[in-house]
Student: 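My structure is below; once you've seen it, I'll send some questions.
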Amino acid sequence: MTNGNSLDPWYDSYAQRTAGLSASEVRALFAVASRPEVVSLAGGMPYVSALPRELVTGSIDRVMTEDAAMALQYGGGQGLRSLREHIVDVMSLEGIRASAEDVVVTTGSQHALDLVTRLFIDPGDVVLAESPSYVGAIGVFRSYQAETVHVTTDEHGLVPEALREAIANLRTQGKRIKFLYTIPNFHNPAGVTMSRERRIEVLDICRSNGILVLEDNPYGLLWFDEPAPQAIRSIDDEGVVYLGSFSKTLAPGFRVGWALAPHAIREKLVLANESAVLAPNSFGQYVVNAYLDAADWKGQVDTFRGLYAERRDAMMAALGEFLPDLTWTKPNGGFFVWLTLPDSLDSKGMLPRAVKELVAYTPGTAFYADGRGGGNIRLSFCYPTPDQIRVGVKRLATVINDELELLETFGHSTRPSAVTEPRSTVVAPPPNIS
């Protein structure tokens, strides 16, 4: 046994990669945000109360009546065949033509993201990601000792020319780029959607440079005004690994997601899945499969769409009423709005005061691997009611205006001087533009 330190006697024994394990700023907020008096605009929790209980209990009853012996047993590393066939039908709604043979069921799409990273990343390899990017992905990449390089994003998604420049710069430095990670639909956290033209161009850039595309699409069916363009995977079935999940369109508690991969990658994903968990959750798979067999699941997705659209509209109205001088993105689906603060404010430093005012949000720093994001806030509209959203935004406006008043009085920024960053790389429209 090594000496360690006074807090952890095993400190000197850990693998080097554990240095990349750190608490998510989003997860750290859950304890505070769960207090009933706090309006949480922080976590992206689906509003599962809109899922009729009888749909779930009916599915569970059918499983326990008809398939209990199998549902309570170990399963295969690739997942239940009939569920994989349903998954193919789900993906067809976004233009994907696939075989159930190339689908691997995972314990949520976060698990699929971890497995793909595990397969491809050696310490020091580079992952390209949007600027900003999903906090859970950044944590996975860090845990495998990858370098995450952010690529500029605007209101139409990833900027192709910025992608070309990033690739060229990294190649000049002799670095190995393993894949591009992207959330093209209703981006988390930015709320923007990549245009079809850009999807084609981004894919062409990656093809020509031998870079795999990892397309993460948990929100794709939750569109409001019009569907997003068809999936990147619908254009290319060899250069894209597609990640999907039932967490947003059914319920996250089942922990059922999937990866659709080219054949050779799929084989390795199955082996990695078996190595990590032996087999994905059998009972959850059987219940989700029974739900897709019997329920009007498309109708339920429509219900979620309407509910989230109403809440998006409530947030747009509240921001326009209480923070008319700021800018933000207007999502056409999903869960999130990306708010840009005045130059002098620091979203992370301001959070304790916000919690004191009984409103929680996620600071933009959570969505960068390099310390940026102090000038931005992610606001989530999926869980609170429209009335709660209005109250929460009003409280947030009080915090922001009080901070600005303090700055006017004392004349210095609340942003840490050690952090040098451009303003948000997501170009937000003026707040009065729909």
Student: List the steps and the verdict of salt bridge (charged side-chain N to carboxylate O under 4.0 Å, His left out) for R390 and E321.
Tutor: CA-CA 9 Å; R390 187 176 187 278; E321 179 179 357; 2.6 Å; yes

Student: Output, in order, the C-alpha distance, side-chain angles, deciding distance and verdict of side-chain contact (heavy atoms from CB on, under 4.5 Å) for N376 and L339.
Tutor: CA-CA 6 Å; N376 298 98; L339 179 71; over 6 Å; no

Student: Between D236 and R199, is there a side-chain N and carboxylate O pair less than 4.0 Å apart?
Tutor: no

Student: Quick one: OG1 on T152 to CD on E165, what's the gap to the nearest 0.5 Å?
Tutor: 8.0 Å

Student: When you compare the side chain of V256 with that of L83, does any pair of heavy atoms fall below 4.5 Å?
Tutor: yes

Student: Spell out, as yes or no, whether a donor-acceptor pair under 3.5 Å connects the side chain of R196 to the backbone of P229.
Tutor: no

Student: Run the numbers on D216 and Y242 for side-chain hydrogen bond (donor to acceptor under 3.5 Å, both in side chains), then give the verdict.
Tutor: CA-CA 6 Å; D216 195 357; Y242 175 98; over 6 Å; no

Student: Counting N and O atoms only, with roles assigned by atom type, does the side chain of Y361 sit under 3.5 Å from a partner on the main chain of L351, one being a donor and the other an acceptor?
Tutor: yes

Student: Within a strict 4.5 Å, meaning less than it, do heavy atoms of the N332 and E226 side chains meet?
Tutor: yes

Student: Could you give me the CA-CA distance, side-chain angles and deciding distance for S282 and Y74, then say whether side-chain contact (heavy atoms from CB on, under 4.5 Å) is met?
Tutor: CA-CA 7 Å; S282 292; Y74 291 115; 5.6 Å; no

Student: Do V277 and H111 make a side-chain contact, defined as non-hydrogen atoms from C-beta onward lying under 4.5 Å apart?
Tutor: yes

Student: Under 3.5 Å, side chain of N209 to main-chain N/O of I205, donor-acceptor pair present?
Tutor: yes

Student: Between D370 and R372, is the salt bridge (charged side-chain N to carboxylate O under 4.0 Å, His left out) condition met? List the steps.
Tutor: CA-CA 6 Å; D370 54 13; R372 283 184 283 163; 3.0 Å; yes

Student: State, to 0.1 Å, how close T329 and P331 come at their nearest heavy-atom pair, and which atoms those are.
Tutor: O-CD, 3.5 Å

Student: Nearest 0.5 Å please: distance from the CG atom of L80 over to the NE2 atom of H86.
Tutor: 9.0 Å

Student: Contact between K175 and R171 at the side-chain level, heavy atoms closer than 4.5 Å - yes or no?
Tutor: no

Student: Over 60° means perpendicular and under 30° means parallel, so classify the ring planes of Y14 and Y11, tilted if in between.
Tutor: perpendicular

Student: Between atom CZ of F336 and atom SG of C382, what is the distance when rounded to the nearest 0.5 Å?
Tutor: 5.5 Å

Student: Kindly say whether A231 contributes a backbone atom to a donor-acceptor pair with the side chain of E215 at under 3.5 angstrom?
Tutor: no

Student: L41 and P384: which non-hydrogen atoms are nearest, and at how many Å?
Tutor: CD2-CG, 3.9 Å

Student: Test E161 against R164 for salt bridge (charged side-chain N to carboxylate O under 4.0 Å, His left out), laying out the working first.
Tutor: CA-CA 5 Å; E161 188 53 41; R164 288 192 185 91; 3.3 Å; yes

Student: Starting from the C-alpha separation in whole Å, work towards a yes-or-no answer on ring-ring contact (aromatic ring centres under 6.0 Å, His included) for F254 and F246.
Tutor: CA-CA 8 Å; F254 290 116; F246 290 108; 9.2 Å; no

Student: If you compare all heavy atoms of F186 against all heavy atoms of G220, which two are closest, and at what distance to 0.1 Å?
Tutor: CE1-O, 3.6 Å

Student: The test is salt bridge (charged side-chain N to carboxylate O under 4.0 Å, His left out); show your working for D225 and R312 and say whether it passes.
Tutor: CA-CA 11 Å; D225 308 311; R312 184 275 312 265; 3.6 Å; yes

Student: How many angstroms lie between CD in Q230 and CD in E94, if you round to the nearest 0.5 Å?
Tutor: 8.5 Å

Student: Less than 6.0 angstrom from the centroid, inside 45 degrees of the normal: does R84 satisfy that with respect to the ring of W258?
Tutor: no

Student: Identify the two heavy atoms, one from Y47 and one from Y383, that lie closest to each other, and give their separation to 0.1 Å.
Tutor: CD1-O, 3.5 Å

Student: So does D402 pair up with R353, basic N to acidic O under 4.0 Å?
Tutor: yes

Student: Do V105 and P280 come close enough that some side-chain heavy atom pair is under 4.5 Å?
Tutor: yes

Student: Does R266 reach the main-chain N or O of L260 with its side chain, forming a donor-acceptor pair under 3.5 Å?
Tutor: no

Student: Distance-only, no hydrogens or angles: does the K178 side chain make a donor-acceptor pair with backbone N or O of D125 under 3.5 Å?
Tutor: no

Student: Assess the residue pair T182 and E130 against the criterion (side-chain hydrogen bond (donor to acceptor under 3.5 Å, both in side chains)); give the C-alpha distance rounded to whole Å, side-chain angles, the decisive distance to 0.1 Å, and a yes or no.
Tutor: CA-CA 6 Å; T182 178; E130 287 137 335; 2.5 Å; yes

Student: To the nearest 0.5 Å, what is the distance between CG (D89) and CD1 (I96)?
Tutor: 12.0 Å

Student: Would you call the rings of F367 and W338 parallel, tilted or perpendicular if under 30° counts as parallel and over 60° as perpendicular?
Tutor: perpendicular

Student: Let's go through F179 and L128 carefully: what are the C-alpha distance in whole Å and the side-chain angles of both, what is the deciding distance for side-chain contact (heavy atoms from CB on, under 4.5 Å) to 0.1 Å, and is it a yes or a no?
Tutor: CA-CA 6 Å; F179 56 81; L128 297 168; over 6 Å; no

Student: Using a strict 4.0 Å threshold on nitrogen-to-oxygen distance, state whether R198 and D154 make a salt bridge.
Tutor: yes

Student: Does a side-chain heavy-atom distance below 4.5 Å link L180 with L158?
Tutor: yes

Student: Does a side-chain heavy-atom distance below 4.5 Å link L319 with L379?
Tutor: yes

Student: Show the nearest heavy-atom pair for residues G374 and L341, with the distance to one decimal.
Tutor: O-CD1, 4.1 Å

Student: Do NZ/NE/NH1/NH2 and the carboxylate oxygens of R207 and D204 come within less than 4.0 Å?
Tutor: yes

Student: Quick check: closest heavy atoms across A228 and N185, and the distance to 0.1 Å?
Tutor: CB-OD1, 3.3 Å

Student: For the residue pair R378 / S347, report whether a side-chain donor-acceptor contact shorter than 3.5 Å exists.
Tutor: no

Student: Taking the side chain from Y181 and the backbone from F141, do they hold a donor-acceptor pair closer than 3.5 Å?
Tutor: no

Student: Kindly determine whether V240 and L203 satisfy side-chain contact (heavy atoms from CB on, under 4.5 Å), including the steps that lead there.
Tutor: CA-CA 9 Å; V240 181; L203 182 58; 3.9 Å; yes

Student: Any donor-acceptor pair under 3.5 Å linking the side chain of T148 with the backbone of V127?
Tutor: no

Student: Taking the side chain as every heavy atom from C-beta outward, state whether R311 and I389 have any atom pair closer than 4.5 Å.
Tutor: yes

Student: Please report the C-alpha distance between R255 and S247 in whole Å, then the side-chain angles of each, then the deciding distance to 0.1 Å, and finally whether the side-chain hydrogen bond (donor to acceptor under 3.5 Å, both in side chains) criterion is met.
Tutor: CA-CA 7 Å; R255 305 310 301 134; S247 291; 3.2 Å; yes

Student: Looking at M194, is its backbone amide N or carbonyl O close enough to the side chain of H156 to form a donor-acceptor pair, meaning the two atoms are under 3.5 Å apart?
Tutor: no

Student: Nearest 0.5 Å please: distance from the CZ atom of F120 over to the NZ atom of K268.
Tutor: 8.5 Å

Student: Distance-only, no hydrogens or angles: does the Q78 side chain make a donor-acceptor pair with backbone N or O of E101 under 3.5 Å?
Tutor: yes

